[in-house]
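Naming convention: chains lettered A, B, ... in sequence-line order (proteins, then strands); numbering from 1 in each chain.
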Amino acid sequence: MTIRTRFAPSPTGYLHIGGARTALFSWAYARRHQGRFVLRIEDTDLERSTPEAVQAILDGMQWLGLTWDEGPYYQMQRMDRYKEIIRQMLADGSAYYCYCTREELDAMREQQMQAGLKPRYDGRWRPEEGKVLPVVPEGIPPVVRFRNPLNGTVAWDDLVKGRIEISNTELDDFIIARADGTPTYNFCVVVDDWDMGITHVIRGDDHVNNTPRQINLLRALGAEVPQYAHLSMILGDDGQKLSKRHGAVSVMQYHEDGYLPEAVLNYLARLGWSHGDDEIFDMRQFCEWFDLDHITPSAAQFNTEKLNWLNAHYIRQADLGRLAADIRERLQKRGIAAGDHPDLESVIALYRERVQTLNELADSIAYFYHEPMMDEVAWEKHLTPDIIPVLRALAGELMVIDWTTERIHAVIEQAVKSNGLKFPKVAMPLRVLLTGGAQSPSIDAVMALLGQKETLARMEKGLSRLEKLPAV
RNA sequence: GUCCCCAUCGUCUAGAGGCCUAGGACACCUCCCUUUCACGGAGGCGACCGGGGUUCGACUCCCCGUGGGGACGCCA
């Protein structure tokens, strides 16, 4: 039997981090078993579904590389099928019309809550042997309800949580079609999972309570019941539930913020799942290892610092050309054009080990392509008057050498020695002058990349300022 | 309120009765490397929610508490 999994988001917003992990696990499970991964858009909520959200979800999955084998299917395009089944169920008695108004239902719920009961539909329109139904009221379009079993229990062996058993007395006759005839979520899911031959339903555990209803429906339809795996939720960095206000950010926000998709993927894979002590692995490896047995049943808190660590790792591994293309764009967004001088890939190679995100990388190398932002505190600390003659002399030396890291280093070393100084005493002022700050890679390497002309120009400009002369 | 789920270092987790003096990773601290900051290397700090059982033996199994979360829509 071919394993078939699905990811079924409702297009009411972007693809957030929890949805992305659900998609990742479903995708990986299908890959692991040479199965098929189906994408289905659950867009029956006309009020809240938007085409923009559909696109956002597709974009997010594409960025992560979670490719689907089938779909996307759209539920709104399957209306005829749903209506056909509903007609069938009405005919065979597994569903019935209910003429309760919303007000009536609200009142019922209110009363039950007050009596300390679980709010449930009381079955007043449910046909029974020898029962007299109320008189059908005028002008009230009915909803269609599923005739849920009254007794017994529904149970399934959840692949993550183990056996879950729920009494049918906890369930009620839920609505499968609204008054306007459109089918509802629990119904569509069941028909779709059935029609699409889904063998493993991997989804968030906020659906645990829907599962018994769906199983009952499946049985009423004579459909095979798939296996279920309910994933626990992901909490925000602060331990709070992810929500619009609590950093339930779009996966595309991670792109914005300078994260590599492979880092996000690796991080998400380890959030709620593990393979011994393995921390760093690619998706090829993940798909070979992934199983449902090693998924944690408890909720996991998102940890940006660990994501950062992984991101730093993948930045160091990434292809330089790819990084350069990305960084060029990020610099452009900052209004900086990275020309050919100095070579962007070389600059990135010099800096990639010092950053955790691509934005940090772009920011930290910006000074190569435009005038550095001067850190005045660093200036005050390192550009002391006594260093002026040393730098003046050094500039003279630098003017006439071959511009290689080795030669530059030798000249600086010489200036240090002949003045009886320590290396940092010369290196730090230079660093501030050239980069605008007190932190950079080896100053000779920076100078080599910056180029002779630009290095001397920045030194001159700095020295002029230092000597209280008008800047050139 | 009712039902359901969950519970190991600050965080992510390993652990399927003896391998646990509870392992790894992130973060944190110390030292080393060093031209500043990083990277890297070596150490360190740090946890089985509580109480009862079961068992020769429990982090592991059962029960009860406690705490956290979820669900109770003509939303998905």
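Contacts of Asp180(A) with the nucleic acid, taken as non-hydrogen atoms under 4.0 Å apart, are absent. The residue Val208(A) sits close only to the backbone: its heavy atoms come under 4.0 Å of sugar-phosphate atoms, none of a base. Using a 4.0 Å heavy-atom cutoff across all strands shown, His409(A) reaches at least one base atom of the nucleic acid. At the heavy-atom level, Asn210(A) lies under 4.0 Å from base atoms of the strands shown. No engagement by Pro9(A) is indicated, since no non-hydrogen atom pair under 4.0 Å with the nucleic acid exists. Counting any heavy atom pair closer than 4.0 Å across all strands shown, Cys100(A) reaches a base atom. Counting non-hydrogen atoms under 4.0 angstrom, Glu353(A) reaches the backbone sugars and phosphates but no base.
In terms of position on RNA chain B, the residue among Arg163(A) and Ser442(A) whose nearest nucleotide sits closer to the 5' end is Arg163(A). Summary of the strand contacts: Met113(A) and Ala179(A) both lie near RNA chain B, and taking for each the nucleotide with the nearest heavy atom, the more 5' one is attributed to Met113(A).
Glu170(A) has its CD atom 11 Å from the P atom of U2(B), to the nearest Å. One interatomic measurement links the two molecules: CD1 of Ile315(A) to P of A38(B), which rounds to 17 Å at whole-angstrom precision. Going from atom CD1 of Ile295(A) over to atom P of C5(B) covers 18 Å, rounded to whole Å. Atom CG of Asp157(A) and atom P of C5(B) are 13 Å apart (whole Å). Between the P atom of A76(B) and the OH atom of Tyr74(A) lies a distance of 17 Å, rounded to the nearest Å. Here G1(B) presents its P atom at 13 Å from CG of Leu117(A), a figure rounded to the nearest Å. Straight-line distance from the CG atom of Asp293(A) to the P atom of G15(B): 10 Å, rounded to whole Å. One interatomic measurement links the two molecules: CD of Gln114(A) to C1' of U2(B), which rounds to 15 Å at whole-angstrom precision.
OP1 or OP2 of G73(B) lies within a sub-4.0 Å distance of a side-chain N or O belonging to Arg109(A). At the phosphate of A76(B), OP1 or OP2 sits under 4.0 Å from a side-chain N or O atom of Thr44(A).
Atom OH of Tyr96(A) is separated from atom CZ of Arg126(A) by 6.0 Å, given to the nearest 0.5 angstrom. With rounding to the nearest 0.5 angstrom, the CG atom of Leu323(A) is 7.0 Å from the CG atom of Leu361(A).
Within 3.5 Å, a donor on the side chain of Arg431(A) pairs with an acceptor on the base of U35(B), or the reverse. Asp277(A) contributes a side-chain N or O that forms a donor-acceptor pair with the base of G23(B) under 3.5 Å.
Judged by the 6.0 Å distance and 45° axis criteria, Arg270(A) is not positioned over the aromatic ring of Trp309(A).
The side chain of Ser10(A) lies closest to A76(B), out of G73(B), A71(B), A76(B). When each of C74(B), U35(B), G1(B) is scored by its nearest atom to the side-chain atoms of Lys118(A), the top-ranked nucleotide is G1(B). Closest to the side chain of Ala427(A), out of G70(B), A76(B), U35(B), is U35(B).
Using cut-offs of 30° and 60° on the angle between ring planes, the pair Phe146(A) and Phe174(A) is tilted. Between Phe290(A) and Trp273(A), the ring-plane angle classifies as tilted under the 30° and 60° cut-offs. Between Tyr228(A) and His230(A), the angle of the ring planes stays under 30°, which puts this pair in the parallel group of the 30/60° scheme.
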All N/O contacts under 3.5 Å from nucleotides 6-13 of chain B to the protein, with atom names and distances to one decimal?
{"unit_1": "C12(B)", "atom_1": "OP1", "unit_2": "Gln301(A)", "atom_2": "N", "d": "2.9"}
{"unit_1": "C12(B)", "atom_1": "O2'", "unit_2": "Arg270(A)", "atom_2": "O", "d": "3.0"}
{"unit_1": "C12(B)", "atom_1": "O2", "unit_2": "Lys306(A)", "atom_2": "NZ", "d": "3.4"}
{"unit_1": "U13(B)", "atom_1": "OP1", "unit_2": "Gly272(A)", "atom_2": "N", "d": "2.6"}
{"unit_1": "U13(B)", "atom_1": "O3'", "unit_2": "Ser274(A)", "atom_2": "OG", "d": "3.2"}

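In this structure G18(B) sits in a base pair with C56(B), meeting the Watson-Crick or G-U test at under 3.5 Å. Using Watson-Crick or G-U wobble geometry with both donor-acceptor distances under 3.5 Å, C26(B) finds its partner in G10(B). Under the Watson-Crick or G-U wobble criterion, with both distances below 3.5 Å, C72(B) is paired with G1(B).
Salt-bridge annotation for Arg48(A) and Asp45(A): present, with a side-chain N of the basic residue lying under 4.0 Å from a carboxylate O of the acidic one. With salt bridges taken as basic N to acidic carboxylate O contacts below 4.0 Å, none links Arg213(A) and Asp173(A).
Of the residues listed (Phe25(A), Phe7(A), Tyr29(A)), the one engaging His200(A) in a ring pair (Phe, Tyr, Trp, His ring centres under 6.0 Å) is Tyr29(A), and it is the only one.
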